[in-house]
Amino acid sequence: MDGIGSPDERIDAVRALESEFGELIARFRKVIHASAQRLSPGMLPVAYKTFTTIVRHGPLTPSALAEALTADKGQVSRTVRELESLGLVERRPDPGDGRSSLISATPEGIARLEDARSRDGGGLAATLADWHVDDIRTLARLLHALTSGEAPGR
């Protein structure tokens, strides 16, 4: 065979993958919750995810942020206001569209995120500490292929 496998083998393999994703999602929910608490006690995971999306992709318009999060614009707006009140993000006029604003992380927000991540003793970096770097890169490549809907390159 060429690695494709029989239909039954593929079904079994996909079911095993679904099960592992379920476990992974449950673990990451706990990680995100703990990370949010380190960043700001009482912070909800959705606010942490919003903030880290702004850090990773910002500055962003509110619409682009809602799209990146696949979230309701009203919820995103409320969450951004919360992040502003915590001093983690700021808005400024969008020079390309005077009707909109750009949301970006503040220097304080970035520093607090770096501090929260550095105190994450049980996080992903710790979990992968004994993995070979090539295995980490392979996993990242395969997950990217899965999330983008592309067949993985070999």
Contact summary for [X] and [Y], nearest pair of heavy atoms:
{"X": "Q37", "Y": "G42", "value": "OE1-N, 2.8 Å"}
{"X": "T106", "Y": "G87", "value": "OG1-O, 2.6 Å"}
{"X": "P152", "Y": "R141", "value": "CB-NH1, 3.8 Å"}
{"X": "A47", "Y": "T79", "value": "CA-CG2, 3.6 Å"}
{"X": "A151", "Y": "A145", "value": "C-CB, 4.3 Å"}

Take R10 and I4 through the test side-chain contact (heavy atoms from CB on, under 4.5 Å) and record every step on the way to the result. CA-CA 8 Å; R10 290 185 72 73; I4 298 291; 4.1 Å; yes
Got a sec: does the [atom1] of [X] have more than 12 other heavy atoms crowding it under 6.0 Å?
{"X": "H57", "atom1": "NE2", "value": "yes"}
{"X": "R99", "atom1": "CZ", "value": "no"}
{"X": "E108", "atom1": "CD", "value": "yes"}

Do [X] side-chain atoms and [Y] backbone N/O form a donor-acceptor pair below 3.5 Å?
{"X": "T70", "Y": "E67", "value": "no"}
{"X": "S118", "Y": "D115", "value": "yes"}
{"X": "T50", "Y": "V46", "value": "yes"}

Are I11 and L17 joined in one hydrophobic group, where the rule is that I, L, V, M, F, W and Y side chains link up if heavy atoms are under 4.5 Å apart? no
Interatomic spacing from CG in L142 to OG1 in T138 - rounded to 0.5 Å: 6.5 Å
So how far is it from R29 CZ to L24 CG, rounded to the nearest 0.5 Å? 11.0 Å
Do we see a donor-acceptor contact under 3.5 Å between the side chains of R38 and S35? yes
S40: side chain to side chain donor-acceptor pair (under 3.5 Å) partners, not counting sequence neighbours: none
Hydrophobic side-chain clustering at under 4.5 Å (ILVMFWY, transitive links): who's grouped with I32? Put none if nobody. L39, M43, Y48, F51, I54, V55, L60, L65, L69, V76, V80, L83, L86, L88, V89, I103, L113
Please, which pairs that meet salt bridge (Lys or Arg N to Asp or Glu O under 4.0 Å) have at least one residue in residues 76-95, sequence neighbours excluded? E84-R91
